[in-house]
Amino acid sequence: MRRISVFGATGSIGESTFDLLMRQGGPSAYRTVALTGGRNTRRLAEQARALRAEIAVTAHDDCLPDLRAALSGTGIETAAGAGALIEAADRPADWIMSGIVGAAGLAPGFRALRHGTTLALANKESLVTAGPLLMAEAARHGARILPVDSEHSAIFQSLLGDDLSAVETVTITASGGAFRDWPLERLAGATVAEASSHPNWAMGQRITIDSASMFNKALEVIETREYFGFAPDQIRVLIHPQSLVHALVTFRDGGMMGHLGMPDMRHAIGYALNWPERVHLPVARLDLASIGTLTFQEPDPVRYPALELARQVMVTRGHAGAAFNAAKESALDAFIEGRIGFTAMAGVVAETLTRLSAGTGLGNPVTSLDNVLDMDAEARRVAEGIMAQRKV
Ligand code: NDP
């Protein structure tokens, strides 16, 4: 029986994964090794019972008593904390969903690779912060990383049967987020509630706000560079308000392969879960005749400054991705907590990168996870300092 683990099981990606696992036979088809979550211990316990997991892990020590109580008498082990997440990743599994949000997802996924697992990677921050390290670790241990981000799954699928060297450009699409059609002058006053609603995709709050600012697309551009190895000028972004074309690959003979589908993450997750087979998936089918029109436009660099920052990160490479992501996470925390405005986030990230590039090490090659985590901590410290100085 195939052994599986789901990291971030209680989140948006985790719930979609759980849904597919249950539809595909649940505990009679899979041996569930570990399920992990954060504060939602009630849901984590429900999932652990349904899949008869060996262990359920919460990221937070103070949540352990609740988790234990919810699973008492089931024989399911419980544990808490960052160390317990790593230990859970050390339990061999054939397929692991990396669905934790943020840089916290890096270490468990990295550890799982040493067991030669197949890592279904939704946690884009892993590739952004430590791409070369992650890919080398996978190669060293014969592990496989399968992209779960819809755009990257789309590129992966569009490339089937073709050689990477035949690719001229790849285009990833973006809905434009909640504020695509807002007048620019309104953006500074955008609220957290307004930024937390996505026109097409139902996702976690953080990625939804990152879609409005296009920091999510910026992360995806870097992720594309790290996963597929394309040069920065081969990677393009187009606004596509319908979110039905997820990515396009243009080959050197002028042909273009595109991947289309309804905006439902269960396609990309299900593809990674069943790869290399395609199985029936419970996603709505695209009815192009009823949709009628698909539209595309260039993103406005003034509205979406995060995209230019992504270019800079790809050129600097090294630890710039870790710095970029950490500064972005700090700025996003501050926005959610009401400490800074929506448009201030990009300024905080840009200034953090500028300050860090004045020191040493930003462009140094990524050689260890510790160095990545050090840069992550340093960038958060610098970003917090900038926000404290600005008092925005
Ligand atoms: P959610 O916020 O919905 O879920 C995050 C999960 O991680 C939850 O299980 C949460 O636990 C857990 N978690 C939160 N903080 C920590 C922490 N510090 N340590 C360990 N676990 C933690 O996020 P999404 O599912 O939206 O996104 C997950 C990842 O997938 C992100 O990297 C995102 O960019 C990527 N992604 C998401 C897509 C989507 O459609 N949602 C699409 C493509 C990529 P709890 O809720 O119990 O506190």
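In listed order, ligands and their atoms are each counted from 1.
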How about H267 and W201: are their ring centroids closer than 6.0 Å?
no
With heavy atoms only and a cut-off of under 4.0 Å, state how I207 meets ligand 1: side chain, backbone, both or neither.
side chain
Heavy atom under 4.0 Å from ligand 1: found in A59's side chain, backbone, both, or neither?
side chain
Determine whether the side chain, the backbone, both or neither of A104 has a heavy atom under 4.0 Å from any heavy atom of ligand 1.
side chain
Shortest protein contact, atom 28 (C) of ligand 1 (heavy atom only):
G99 O, 3.3 Å
What pair of heavy atoms forms the shortest contact from L286 to I291, and how long is it?
CD1-CD1, 3.4 Å
Starting from atom 3 (O) of ligand 1, which protein heavy atom do you reach first, and at what distance in Å?
S12 N, 2.9 Å
State, without any angle test, whether E168 and T250 hold a side-chain donor-acceptor pair at a distance under 3.5 Å.
no
G204 neighbourhood, listing ligand 1 atoms whose heavy-atom distance to it stays under 4.0 Å
3 (O), 26 (O), 41 (N)
Please confirm whether L85 comes within less than 3.5 Å of ligand 1 when only nitrogen or oxygen atoms on both sides are compared.
no
Could you see which bit of M203 sits under 4.0 Å from ligand 1, with heavy atoms only: side chain, backbone, both or neither?
both
Cut-off 3.5 Å, side chains only: do K124 and N325 have a donor facing an acceptor?
no
Regarding atom 14 (C) of ligand 1: of the candidates L35, T41, V101, which has the closest heavy atom?
V101
Would you mind telling me if ligand 1 is within reach of the side chain of E125, the backbone, both or neither, using heavy atoms under 4.0 Å?
side chain
Nearest non-hydrogen protein atom to atom 4 (O) of ligand 1, with distance, is G11 CA, 3.1 Å
Using modelled atom types and a 3.5 Å cut-off, is there a donor and acceptor pairing between side-chain atoms of T208 and backbone atoms of G204?
yes
Rounded to the nearest 0.5 Å, the CD1 atom of I4 sits from the OG1 atom of T32 at a distance of 3.5 Å
Hey, is ligand 1 close enough to I13 that some N/O pair sits below 3.5 Å?
yes
Can you find a pair of side-chain heavy atoms, one from L353 and one from S357, that are under 4.5 Å apart?
no
Between the main-chain N or O of T191 and the side-chain N or O of E194, is there a donor-acceptor pair closer than 3.5 Å?
yes
Check: D149 N/O within less than 3.5 Å of ligand 1 N/O
no
Mark up the atoms of ligand 1 that fall under 4.0 Å of a heavy atom belonging to N123, in ascending order.
32 (O)
Atom 22 (C) of ligand 1 sits nearest the protein heavy atom I100 CG2, 3.8 Å
Quick one: look up the protein heavy atom nearest atom 48 (O) of ligand 1 and list residue, atom name and how far away it is.
R39 N, 2.8 Å
Decide whether the shortest distance between a heavy atom of G105 and an atom of ligand 1 is less than 4.0 Å.
no
Is R39 salt-bridged to D62, going by a charged N under 4.0 Å from an acidic O?
yes
T10-N40 side chain donor-acceptor pair, cut-off 3.5 Å
no
With no hydrogens and no angle check, just 3.5 Å: does a side-chain donor-acceptor pair link S368 and D370?
no
Tell me: protein heavy atom nearest atom 34 (O) of ligand 1, and distance?
K124 CE, 3.1 Å
In ligand 1, the atoms that come under 4.0 Å of a heavy atom of G8 are 6 (C), 7 (O), 9 (O)
Are side-chain heavy atoms of R180 and Y304 found at a separation under 4.5 Å?
yes
Working to the nearest 0.5 Å, report the span between CG of L219 and CD1 of I207.
8.5 Å
So is there a nitrogen or oxygen of N40 less than 3.5 Å from a nitrogen or oxygen in ligand 1?
yes
Atom 46 (O) of ligand 1: the protein heavy-atom neighbour that sits closest, reported with distance to 0.1 Å:
T10 OG1, 3.5 Å
Would you say G38 and ligand 1 have an N/O pair spaced under 3.5 Å apart?
yes
Name of the residue among R31, R2, H115, R3 meeting side-chain hydrogen bond (donor to acceptor under 3.5 Å, both in side chains) with D94
R3
Nearest protein heavy atom to atom 35 (C) of ligand 1, by residue and atom, and its distance?
A122 O, 3.1 Å
Should R206 be listed as contacting ligand 1, given a heavy-atom distance under 4.0 Å as the test?
no
